[in-house]
S.K.: 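Quick one: this structure, given as structure tokens, is what I'll be asking you about.
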Amino acid sequence: MEHLNDVRNLIKYHGQVEREVYLDLENSTPLPSEVLQEMLPYFTSKAYGNPTLTHKQGWEAYETIMDAAGFITRLIGGSSAEELCFTSGEAEANSLAIFGTVGKKNGRIVVSAADPLNILLPVEKLEKKGFEVVRVPVDPEGFINLEALAKAVNKNTVLVSTSMVNNEIGTIQPFREIVKTVREANPDVTIHMDASDAYGRISFNVKDIDVDLLSLSSYKIMGPRGVAALYVKSGVEVERIIEGPIGTQALWPGVENTPLIVGFKKASELAFKDFDGNVSRMRKLRDMLMKGLLSIEDTLLNGPVGDKRAPDNVNISFLHCEGEALTIELSFKGVYVSSGSACTRRILQPSHVLTAIGREYEAAHGSILMKVSRYHSSEDIKYVLECFKPAVERIRAMSPTRRI
Amino acid sequence: MEHLNDVRNLIKYHGQVEREVYLDLENSTPLPSEVLQEMLPYFTSKAYGNPTLTHKQGWEAYETIMDAAGFITRLIGGSSAEELCFTSGEAEANSLAIFGTVGKKNGRIVVSAADPLNILLPVEKLEKKGFEVVRVPVDPEGFINLEALAKAVNKNTVLVSTSMVNNEIGTIQPFREIVKTVREANPDVTIHMDASDAYGRISFNVKDIDVDLLSLSSYKIMGPRGVAALYVKSGVEVERIIEGPIGTQALWPGVENTPLIVGFKKASELAFKDFDGNVSRMRKLRDMLMKGLLSIEDTLLNGPVGDKRAPDNVNISFLHCEGEALTIELSFKGVYVSSGSACTRRILQPSHVLTAIGREYEAAHGSILMKVSRYHSSEDIKYVLECFKPAVERIRAMSPTRRI
Amino acid sequence: MSRSPLPYSRKILELFRNPKNLGRMEDATVSATAGSPACGDMIAFYLKIDENTVITRASFESYGCAANIATASMLTEMVEGKKLEEAWRIGWKDVANEVGGLPAVKFHCGVLAVGALRRAIREFFRRKGFKPEWMPEKETFEEKQALEEEELSKIISQRLTLGGGEK
Amino acid sequence: MSRSPLPYSRKILELFRNPKNLGRMEDATVSATAGSPACGDMIAFYLKIDENTVITRASFESYGCAANIATASMLTEMVEGKKLEEAWRIGWKDVANEVGGLPAVKFHCGVLAVGALRRAIREFFRRKGFKPEWMPEKETFEEKQALEEEELSKIISQRLTLGGGEK
Ligand SMILES: Cc1ncc(COP(=O)(O)O)c(C=O)c1O
Ligand SMILES: Cc1ncc(COP(=O)(O)O)c(C=O)c1O
Ligand code: FES
Ligand code: FES
């Protein structure tokens, strides 16, 4: 672990900064202290038992967990707390929805080409095992092609798994139409939607959408990591992917993580308390950030604008400017963002979402993904904009490509 | 969710108690504040990024996680931090070890009849899919029958999965002999051990044991829930059970839960800092509790005594006394324990471990499982003993069985 | 195989802590048991019956869970002062309602209590040498369950299996 | 497909922040590029070479990651004052060592820098119209990689695939 010293040096190499603005909410989140405060007693002194045990600490845990499940289920319009299964994260929720649905069946699985990797990779694994996978194309703004979807769903189709809002470019999919299109093509298909980037930011109702399975993430609404949920419409059968003695969660064995679940509930509460206020606040910050960055020359917006775009998402390509270098340059100023550049990926391929919307490698190479939250201020955004200009300039100045 | 009001009333029904002693460490744990304190900054202000991102918060997370992985790997005698894969719990670690090993292979899987359910249930699922499963019997103290094990492992055997210390009755298995026996019978078998009830309580070294896969639990050493680890000896191949973009954990996709991993490390540190002192302290409390309870008439000790028993485990059957009723009676006094009674189980079968060691249903019916930790005092144990006597008496007084 | 969350009602806990009519009745007119220690749960029911077939006193003993204790206790209160015919008509669901509901996994505990009561009533008439009209020839659900308590756990476990092949 | 943790050395960050010999050299004796913007990474290398085939100045431009910038910068420093023959002998591992090591996924960035340098040296002799003895006929690893930068990502991705079929 010699290289850990490198990392320590590298962290030290960051000096004092005027301000820290964390916009990399796609990949993780610092927990707001109001959420942490709510969780604290559950770690050490409250409801710390196993919810299946017949003693006070167990009953308290049971009450706490079922209350949270009921609360979250109501927010998405479900019927009962039993429809919600807490998991350890969005990836597990999506794997559970996908692997747990197809089980012994066989046939075709339909996804969109711009879905998150925790949909595309489980499906790819099933493809290797003999399932047929159709990846429906998206248009240049990331919207799924409904005609192609209608054609993709045939009588052999067992599952459609797709996302409600694109996690990289913020495209709000026509999710009601997606479900209608699929049901018309084949009413027996199980429909799974990953709503992790929609929950708390756009309003929806599972009954209205008529979806069978729906994933929700906690950290994506500023709740703790390590917890997420899969909504399973009553009557829909899903097989567990982890086996063990089950407690309150029919599809997840293991000791329920009461403090994290409490945090997930609290974050949900805060996101929905003044939903419209929160959303318009985010949208304002988003547009301020977007406008400021697009005023830099040679930039491209990735994804749609206005109401068709998630209120928190900003994704912009800076041409002639490699993205990973830019994330590092910005880090030195306390601004934390991520990039879809091939240089940031283990396999050195650019973001599959940017590829799916038809972006050239060059555009992906300079792409930066950011998300704003209600915890950000316009001062934060102003600071970010101040930092971006010189950062982009410095990285661009190193590049030989502008003259080519 | 009407019944949630019942639960709330039921919690209120508990009055003030003189003292609360939580001995149900098998099923959950309150987090010691020294562990929580260590975790706190990582929630809100430190290393809160995704460890695969090229910015300060990401690098800090990377450093923190790899440091913890290295620390824990060294404690168990592994070679490198890359051998440790953090998971969301013991159940996931065991499912990963089992499902991830057998993959496309086919053949025989060998377990012990007294293994934890998160070994037995995944294996049962594979049995339904066509694998042959052999459940090696244990003796009346819970020790695996090595001769039967030797016979069970044949040339078709692909996996032996078993526990190092029995989680219900504390039997410390002859784990070196288990591995030797298996390797002699078939050197190609993958050997998995669940060390969740051994880690921090008995000393072992993965190289010395020569095991391929080994599960470790965080909450079982008073760390946070929602994190555990699977040690994978380098060179041993395991397939993921959850698919998604991988980061620092080759076998677990999802955003690494830095605060929980920090808590797991801290709990490990505390358990190993004064290992012998901790163990002898636990052993003293265990023996005090055991001796006191066995002085009540019509009691049976489940599992071995002395050095052959885990230092924290106490499991005693109170004949003519239904266990679930006893856990509730004790709860009203602030003493939290669990029972292997059929009445506590969803399928109304008594603990499979007690059945495996040949206990009659009646003995299982009145069994109580407790674990002590270094956080307990002899005053706690004294209080527990004071509570037990009248509790057992009151429950027994209701029973018609004594006269039969 | 797993534990089950048991959101008992407050009434169950109250009766568990302060059961009514607990204990063997030495001068009982008739008594019966249901279940057996070998299979786990067991209940004993004692009745004092007057010349008008009115239950003047009832008591119970239990080797079972809190739900078992509470439903048995509740049942002793429900039958006191009732004619045997009325007492017979009390089903396990009535008892369950009286204690504020039972968790699904605990239905059988109420069933066991009613089974023991009905057995005692049958025994009373068996000794008297006649079978009243209102008493069915065939065993009722609760009695059958009591008889088959040894196999009950298996039956219940099948019924309760949640989607996904839990054992 | 996934992100990769990048524990860069402090030296890499230093050179990233304060690169040496950055920028186009208008009076270069020879220059070469490796990679192309269409496939992602690209590097340009400029050399000023005196009559004794000694490199008197070197500079670079980079359209790539921090490792790319740092290794290119380091390489310009390493070659300065060296004869072309000596400069040719510098392999990508030497550069990687000088910057304090490279994360596995970033090896190719160092390769690209060396590839560009060697291309420039070859170009120098091509123009001179002769091939010195020490210069191999066949392309070296670094040059081949540079040539095949379009396909490099695939090659690297295969090499780096961790057990479990990650895409
Ligand atoms: C009694 C008991 N111990 C331990 C565990 C493991 O829990 P986790 O996977 O949350 O570590 C479980 C659940 O599988 C359990 O029921
Ligand atoms: C970018 C990104 N977002 C979200 C997730 C989901 O993380 P988790 O499963 O921890 O919720 C992952 C990992 O799968 C990820 O890489
Ligand atoms: S230049 Fe793309 S990874 Fe270094
Ligand atoms: S008596 Fe066993 S569950 Fe109620």
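Just so we're on the same page: letters track the sequence lines, and every chain starts at 1. Source: prediction; values computed, not measured.
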S.K.: For S88(A) versus S88(B), what's the shortest heavy-atom pair and its separation?
M.R.: CB-CB, 3.4 Å
S.K.: Which one wins on heavy-atom pair count under 4.5 Å against chain B: G49(A), P224(A), G334(A), P259(A)?
M.R.: G49(A)
S.K.: In sequence, state the C-alpha distance, the side-chain angles, and the governing distance for I241(B) and I242(A), and then conclude on side chain to side chain contact (heavy atoms under 4.5 Å, CB included).
M.R.: CA-CA 8 Å; I241(B) 56 175; I242(A) 301 176; 4.1 Å; yes
S.K.: Any heavy-atom pair between the side chains of R225(B) and L260(A) that's under 4.5 Å?
M.R.: no
S.K.: Determine the option with the most heavy-atom pairs under 4.5 angstrom with chain B, choosing from E92(A), K46(A), E329(A).
M.R.: E92(A)
S.K.: Using non-hydrogen atoms only, which part of D67(B) is less than 4.5 Å away from chain A: side chain, backbone, both, or neither?
M.R.: both
S.K.: Would you mind checking which part of V35(B) comes under 4.5 Å of any heavy atom in chain A, side chain (CB onward), backbone (N, CA, C, O), both or neither?
M.R.: neither
S.K.: Please determine, among F43(B), Y219(B), F332(B), the option with the most heavy-atom pairs under 4.5 Å with chain A.
M.R.: F43(B)
S.K.: Under a 4.5 Å cutoff for heavy-atom pairs, which residue among V255(A), V337(A), I119(A), N118(A) has the most contacts with chain B?
M.R.: V255(A)
S.K.: Need one label for E256(B): side chain, backbone, both or neither, based on atoms under 4.5 Å from any heavy atom in chain A.
M.R.: backbone
S.K.: Just verifying a value: how many Å separate W59(A) CH2 and I328(B) CD1, rounded to the nearest 0.5 Å?
M.R.: 4.0 Å
S.K.: Could you look at T29(B) and say if it's the side chain, the backbone, both or neither that has a heavy atom under 4.5 Å from chain A?
M.R.: backbone
S.K.: Short question: side chain of S95(A), backbone of E243(B) - any donor-acceptor pair under 3.5 Å?
M.R.: yes
S.K.: Tell me, with the steps shown, if T52(B) and N27(A) meet side chain to side chain contact (heavy atoms under 4.5 Å, CB included).
M.R.: CA-CA 9 Å; T52(B) 66; N27(A) 295 301; over 6 Å; no
S.K.: Are any side-chain N or O atoms of N50(A) and backbone N or O atoms of S28(B), one a donor and one an acceptor, separated by less than 3.5 Å?
M.R.: no
S.K.: Heavy-atom cut-off 4.5 Å, strictly under: side chain, backbone, both or neither for E63(B) against chain A?
M.R.: both
S.K.: To the nearest 0.5 Å, how far apart are CG in D24(A) and NE2 in H55(B)?
M.R.: 3.5 Å
S.K.: So which of L25(A), I98(A), N257(A) has the biggest tally of heavy-atom pairs under 4.5 Å with chain B?
M.R.: N257(A)
S.K.: Given heavy-atom pairs under 4.5 angstrom as the criterion, report whether the side chain, backbone, both or neither of E90(A) touches chain B.
M.R.: neither
S.K.: So what's closer than 4.5 Å to chain A heavy atoms on Y42(B): side chain, backbone, both or neither?
M.R.: backbone
S.K.: For the pair Y22(A) and Y48(B), name the ring-plane relationship: parallel under 30°, tilted 30 to 60°, perpendicular over 60°.
M.R.: perpendicular
S.K.: Which value, rounded to the nearest 0.5 Å, describes the distance between L117(A) atom CG and I246(B) atom CD1?
M.R.: 11.5 Å
S.K.: Could you tell me if T44(A) and S33(B) have a donor-acceptor pair between their side chains, going purely by distance under 3.5 Å?
M.R.: no
S.K.: Nearest 0.5 angstrom please: K125(A) NZ to E239(B) CD, how far?
M.R.: 4.0 Å
S.K.: Verify, without hydrogens or angle tests, whether S331(A) (side chain) and K56(B) (backbone) share a donor-acceptor contact under 3.5 angstrom.
M.R.: yes
S.K.: What part of P116(B) gets closer than 4.5 Å to chain A, counting heavy atoms only: side chain, backbone, both or neither?
M.R.: neither
